[in-house]
Amino acid sequence: MNWNTKVTELLGIQFPIIQGGLAYLAYAELASAVSNAGGLGQITAMSLPSPEALREEIKKVKTMTDKPFGVNFAIGQHGKLFTHYLEVAIEETVPVVTMTGGNPEPIFRQLEGSDIKKLVLVAAKRQAQKAEELGADAVMAVGHEGGGHLGKNDIGTMVLIPSIVDAVSIPVIASGGIGDGRGLMAAMSLGAEGIEMGTRFIATKECVHAVQDYKEKLINGTENDTVVIKKTLGSPARAIANSHTERILEVEKAGGGYEALRDMISGEANRKYIYSGDQENGFAWAGQVMGLIKDIPSVDELLARIMKEAELIRNRWV
Ligand SMILES: Cc1cc2nc3c(=O)[nH]c(=O)nc-3n(C[C@H](O)[C@H](O)[C@H](O)COP(=O)(O)O)c2cc1C
């Protein structure tokens, strides 16, 4: 069945499915598996310790797939090194750069004149319009159900996607709460030209950096087992609810600011859970879609299953 959309055409991929940037989890193994399966895989620049380490990871992806892939930049987290990482991505002529978490203008300036496709992850209509003005090829829009960092206004995917589709003329990719063919078809019905999934890709065989406990929590947990932290810092983000996030919320409730929270919300605290399974002293991002995740397939099996489910729905409609 033909699944061509503006997004598959733009990115040169078979299926309209993008793997979200997944901090500390999106490396060559996962990215190449998604790209080889017909979607767009990504590696996450901020997870690499240096620009040269990013170059090595990009080269590794290229040995594992000849399909298009992306490099994700979480803008706020790079500090001064940011431009050096991007320089590497430009030198290595990566097909796609995605960006999130701050003003993307400097990235657009640095990418001027290159053929790299530019995608911006947004969580509000105004951000999508700004991305379009800056020259984005497409926007990914994440609703409140999603895992990781979210918009400040708690807007769910169901309302966010059509409102952004109406507000911009570039393709919109729906993100947040999508994990199967039903989600894909719902997103397409809302006017999206593709989907981005984060949480669902963690529970796959090729997400080799995630500790088994994390994957099993995604299988055994329900849609009620996530919580939004960091709202008081103006950067809400959805994680698996555990004793660590409970302590974070207590500090937030007591009016503790960034200094009081810094160690609890650090990359180190994140890695404690996702690499070592330390659920008492660490946290792990995940979206409400964990309530729909029941197994740990290979990426290839997952994409084939999603497209099969979508096909059955499409056949029901015609
Ligand atoms: C563990 C985890 C880490 C994430 N890290 C990033 C990141 O570094 N960069 C980024 O653009 N998005 C990141 N996201 C957000 C995803 O790209 C995507 O928007 C989100 O997962 C969509 O919601 P879903 O989890 O319901 O699929 C992360 C999400 C998760 C679950």
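This structure is a prediction, so every number in the text was calculated from the model and none was measured. For ligands, and for the atoms within them, numbers begin at 1 and follow the listed sequence.
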For atom 30 (C) of ligand 1, the closest protein heavy atom turns out to be L22 CD2, 3.5 Å

Looking at L11, I58, I13, V34, which hits side chain to side chain contact (heavy atoms under 4.5 Å, CB included) with F69?
I58

For atom 9 (N) of ligand 1, what is the nearest protein heavy atom, given as residue, atom name and distance?
N72 OD1, 2.8 Å

Parallel, tilted or perpendicular, judged at 30° and 60°: which one describes the rings of F283 and H244?
parallel

Any chance NZ of K125 has more than 12 other-residue heavy atoms, nucleotides or ligands included, within less than 6.0 Å?
no

Has ligand 1 got any nitrogen or oxygen that is less than 3.5 angstrom from a nitrogen or oxygen of S175?
yes

Looking at R200 and D295, is any side-chain nitrogen of the basic one under 4.0 Å from a carboxylate oxygen of the acidic one?
yes

Near Y214 (heavy-atom distance under 4.0 Å), the atoms of ligand 1 are 1 (C)

Salt bridge between E52 and R55, side-chain N to carboxylate O under 4.0 Å?
yes

How close does the nearest protein non-hydrogen atom get to atom 25 (O) of ligand 1, and which residue and atom is it?
T199 OG1, 2.5 Å

Distance-only polar pair, side chains of Q288 and T226, donor-acceptor under 3.5 Å
no

With a 4.0 Å cut-off on heavy atoms, is Y273 touching ligand 1?
no

Note: ligand 1 atoms sitting under 4.0 Å from heavy atoms of M197 are 27 (O)

M158, CE atom: more than 12 neighbouring heavy atoms under 6.0 Å
no

Residues in salt bridge (charged side-chain N to carboxylate O under 4.0 Å, His left out) with R126, at least two apart?
E133

How far is atom 15 (C) of ligand 1 from the closest protein heavy atom, and which atom is that?
G147 O, 3.7 Å

Taking only non-hydrogen atoms of G20 and a 4.0 Å limit, the atoms of ligand 1 in range are 17 (O)

For L121, take its heavy atoms, then give the atoms of ligand 1 lying under 4.0 Å from any of them.
11 (O), 12 (N), 19 (O)

Atom indices of ligand 1, in the order listed, that fall short of 4.0 Å to a heavy atom of T100:
9 (N), 10 (C), 11 (O)

Sequence-distant partners of E29, side-chain hydrogen bond (donor to acceptor under 3.5 Å, both in side chains), two or more places apart:
K60

What is the closest protein heavy atom to atom 19 (O) of ligand 1, and at what distance does it sit?
E196 OE1, 3.0 Å

Could you tell me whether some N/O pair between G148 and ligand 1 is separated by less than 3.5 angstrom?
no

For T44, counting its heavy atoms only, list the atoms of ligand 1 lying under 4.0 Å from any of them.
8 (O)

How are the rings of Y27 and H209 set to each other: parallel, tilted or perpendicular (split at 30° and 60°)?
tilted

Quick test of your reading of the model: are E309 and R182 salt-bridged, counting only N-O distances below 4.0 Å?
no

Would you mind finding which of G198, A23, G21 brings a heavy atom closest to atom 28 (C) of ligand 1?
G21

Would you mind telling me if ligand 1 is within reach of the side chain of F201, the backbone, both or neither, using heavy atoms under 4.0 Å?
neither

Which option wins on minimum heavy-atom distance to atom 26 (O) of ligand 1: G177, A74, S47, G179?
G177

Between ligand 1 and I202, can you find any atom pair, the residue atom being a heavy atom, that is separated by under 4.0 Å?
yes

